[in-house]
Visitor: 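Quick one: the structure is below, and I'll ask about it shortly.
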Amino acid sequence: MPRPSPVVLQHLRTENACAPIALWTRRPRFSWQLVSSAKDVHQRAYQVLVRDRSGALIIDTGRVESSESVLVEVLSHDLAEAQEFGWQVRVWVGDDTSASEWAHARFETALFGEWDAHWIEPEQEPVVVDGATSILEAIRGGDLPAPGERLHPPLRIRQRIELTGQPARARLRATAHGVYSAEVNGRPASQDVLAPGYQSYQHSLAVHTHDITDLLGAGPNLVAFTLADGWYAGRISIFGRSAQYGDRLRLAWQLEVEYPDGSRQVFGSDRTARSSTQGPIRYSDLFIGEHHDARRIENGWSRIDFDETGWSPVRTVDVQTPLVPFIGEPIRRVRQIPAVEVITTPAGESVVDFGQVIAGRVRMRVTGAAGTTITLEHGEVLDADGNYLNNISGMNKDQCDQYTLAGHPAGETWEPEFTLHGFRYCRITGHPGPVLAEDFVGVVLANDLTETSGWHSDDARMNRLHQNVVWSQRGNFLAVPTDCPQRERAGWTGDAQIFMPTAATNADVTAFMSRWLTNLREDLRPDGGVPIIVPLPPALQAGFDAGATGLDGIEVAAGWSDAIVIIPHVLYRRFGDRRVLQENYPAMVAWVDKQRRDAAILPERLRAGGLSQEQERRQSLLWNGVLNFGDWLTPSTMDAADPSSIMAAPLRTGELVGPMFQVHALDLLVGIARVLGEHTEADDFAERAASIRAAFAAEYLDRGHFEESLQGLYVLALAFDLVPEQDRAAATGRLIQLVRENGNRLDTGFLSVPYLLDVLVDAGRADVAYQLAWQDRCPSWLYEVDRGATTIWEAWDAIAPDGTVGVMSFNHYAFGCIDDWLFRRLAGLVEAEPGFRRSLVTPGLDSPLRRVEAHLDTPYGRLGVDWHRDGDRARIQLSVPANTTSELALPPGWTGPAQRVVGSGSWTFVATRSVPTEH
Ligand code: BGC
């Protein structure tokens, strides 16, 4: 009798998704996790079967001698669209002869081809075009009529359909010019919010699929939609400008119904629909806010028996834009947080405090007389006196909702439907009774990603810092990766790149980022330029074309455009996703090729001539002649009294930051090309990087010193290996000297901050890294924590040491990139091979912490560490997922067990400090 297998298989995923009903690829990859109480479990072979709905076998891999269990490719041809499939897997481990039990999972493919539906366009007033056309105008604001005078009500749409029987399966697919919510027979079609999300709508339109089987019955049924401006026609991005993709709202949906006997019916939006603008929502805009007049509620409008008299016909229109399946998790209400208290401010106003800066909106319960209008304004901080502050200025950035009561004696509950705000505080005016905390809930909106991390230490401030980062991640993984969820809500490529390692630590961002990268590729400039914002709003592109946006003509930028290389690389490393490299490789190559061509442009200061031939040769290799954002927001270059100082960092650092990122992108590409088997190209990238390195050192470094005394330049030069070996010590010394001269405080901008602490640790100066990480005078991470931050701020001194509160974003994730360092260098969880197939555990035993307990839900399962230091002795507990190995790497001066490499299971190590620490 063979022994039963010691493993069970769990966590079956199709493209990292659990039982998706509209899978966005027809060649899905499969993942499974091995679970076992035994130690050192390794998969030796697997077998996967894929079947169609009837049970017919599509593929049987047979026994495959392979240890692969993450994103395994077994399909050699595309699966049929809009079909249900089942797959099953079993594995053999170690030298066991018996296989595990089979584990089963299901999925459905999306619809890729033609639709039977028509696009419909209800009768409507076109969206009024307003908002700024330049940065200056955006900031200064302007005199626009009140929102109620220029915004239009969302459109409600009803369509009857007749089913021949009770369905066994029904899938509603929908997309829009605008954002929609769908109802079937008076009930919500799904929990999704703000579908179909945001993308460059001129290139493609995403389709969400909803399972509405349980909402339909035999006979007449009603499918209803509400359609609002959203990102398509509403105010968006830096300029807060409307109608950037179009000024008319449109809808397309298709419903596929299957009956128990296998017969089918397909319905779609068409001319039989009726629409009305007379609903309770008088206007709704993502930025401005929403006005809901509850007196206008028409009960039952989305049910079959409602009287449609007075509703208008719709017309069908031709929309040529390709429809594509939505990739990843939709936006949903991911958390609900009760209000903490209602503050009566020194100014005598009622302000609800939710205790946490979030992105979302307020749900409110209220009782009062019909016609009473309550105003809800949203802000992230109070001012220095404790009064309500609107910390977001600019045209159309109102963040203000209004609710007019219907007057129900038992009270009424309301949450806006098509808007969202960045806030912690909500100022309430016009409330008919006492404003009570129990009547208010903060509804957190975000794409519904699986969160994957935990980090807890014996230092409450560090724990709070980690939580703040997680909250900034939630607030900015909203439709696209944004800079901030209030002022711009734009997919700034730099911010996303800077934060990506942290984002990949705290959540499974694979599908979300793949979606955005698809969009990035659609938005690429014909010359390979990667935009600084994706989706790139047409008004911004128009400004670029006219040379008049106020962004100083910066269309591509070092550290921003490099997102095309850096982000897929992070996804590959953290999740073992090779396909994301494949998909983006041509765009990466186009980007570095553009840099090579543009390297011919000399920095302005050198254009007058007078360069030696050798200098000219070197300069022509360096991508340094076009202005970029440089080490953006470097603290010492900023002067609160002089707004134009924001361009000082770009001007002082841009010429160096350009070629530094140019080399970094090429270095990453060498590795990426090798993974993809493009060895000749890899060699070419390596050669290019080497010659740029040499040119850079000769042009800008003098025995490891730069002319500019800015920390960020040293950090980047060391991190990207631009300092010749013999000068590294000098460069490190200079960096530490600058840190010391700045009172042991950082002075790094956006681009260098992610590397600051690592560079110090790698140079053997973890002590300085710890000083910076634990610094609590401004600028520092703990300074923000001490000032009560609940998210990461745009600028370190957003609340200045003198208490002045800045009008800026308090939910900007970029500087939250330290969180990745907390995991790698303090907890000590590092991916040594893609997907954490092999991990390195590097506990920060010399840090000021005495204990860290952390975990990552890796593609193979949970990798956890719990270490405890007591004087010169430490106990390290490790839990390693099956089918992986882990290596313990102690800090210098610590000795531990002889066996440092372990397989799966729980392990306990004891380490002792053999050499007392110095410095
Ligand atoms: C945004 C950033 C962005 C930057 C570009 C700001 O206004 O909020 O985070 O990356 O502009 O320089």
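For reference, positions follow the sequence shown, starting with 1. Because the structure is a prediction, the values reported are computed rather than measured. Order of appearance sets the numbers: ligands from 1, and atoms from 1 within every ligand.
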Visitor: Which atoms from ligand 1 have a heavy atom of Phe750 less than 4.0 Å away?
Guide: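 Counting from 1, the qualifying ligand atoms are 9 (O), 10 (O).
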Visitor: For ligand 1, which atoms, with element, lie under 4.0 Å from some heavy atom of Asp483?
Guide: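 Per the distance check, 1 (C), 8 (O), 9 (O).
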Visitor: Could Asp398 and Arg235 be called an ion pair, given the rule that one side-chain N must be under 4.0 Å from one carboxylate O?
Guide: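 No, Asp398 and Arg235 are not salt-bridged.
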Visitor: May I ask you to identify the nearest protein heavy atom to atom 4 (C) of ligand 1, giving residue, atom name and distance to one decimal place in Å?
Guide: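 Closest protein heavy atom to atom 4 (C) of ligand 1: Trp632 NE1, 3.5 Å.
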Visitor: Which of the atoms of ligand 1 are close to Trp492, meaning less than 4.0 Å from one of its heavy atoms?
Guide: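 Within the 4.0 Å cut-off of Trp492, ligand 1 contributes 1 (C), 3 (C), 5 (C), 10 (O), 11 (O).
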Visitor: Can we say Asp631 and Arg652 salt-bridge, meaning some charged N sits less than 4.0 Å from an Asp/Glu carboxylate O?
Guide: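 No, no charged N to carboxylate O under 4.0 Å.
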Visitor: What atoms in ligand 1 come closer than 4.0 Å to a heavy atom of Asp495?
Guide: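 Taking each heavy atom of Asp495 in turn, ligand 1 has 2 (C), 3 (C), 9 (O), 10 (O) under 4.0 Å.
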Visitor: Give a yes or no on whether a salt bridge exists between Glu794 and Arg487, defined as a side-chain N under 4.0 angstrom from a carboxylate O.
Guide: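 Yes, this pair counts.
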Visitor: Do the charged groups of Asp776 and Arg461 touch, with an N to O distance under 4.0 Å?
Guide: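 Judged by the 4.0 Å cut-off on N to carboxylate O distance, Asp776 and Arg461 do form a salt bridge.
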Visitor: Could you check Phe720, Phe706, Tyr755 and say which one makes a ring-ring contact (aromatic ring centres under 6.0 Å, His included) with Tyr714?
Guide: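 Per the ring-ring contact (aromatic ring centres under 6.0 Å, His included) rule, the option paired with Tyr714 is Phe706, out of Phe720, Phe706, Tyr755.
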Visitor: Please state which protein non-hydrogen atom is closest to atom 7 (O) of ligand 1 and give its distance, to 0.1 Å?
Guide: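 The protein heavy atom lying closest is Glu488 OE2, 2.7 Å.
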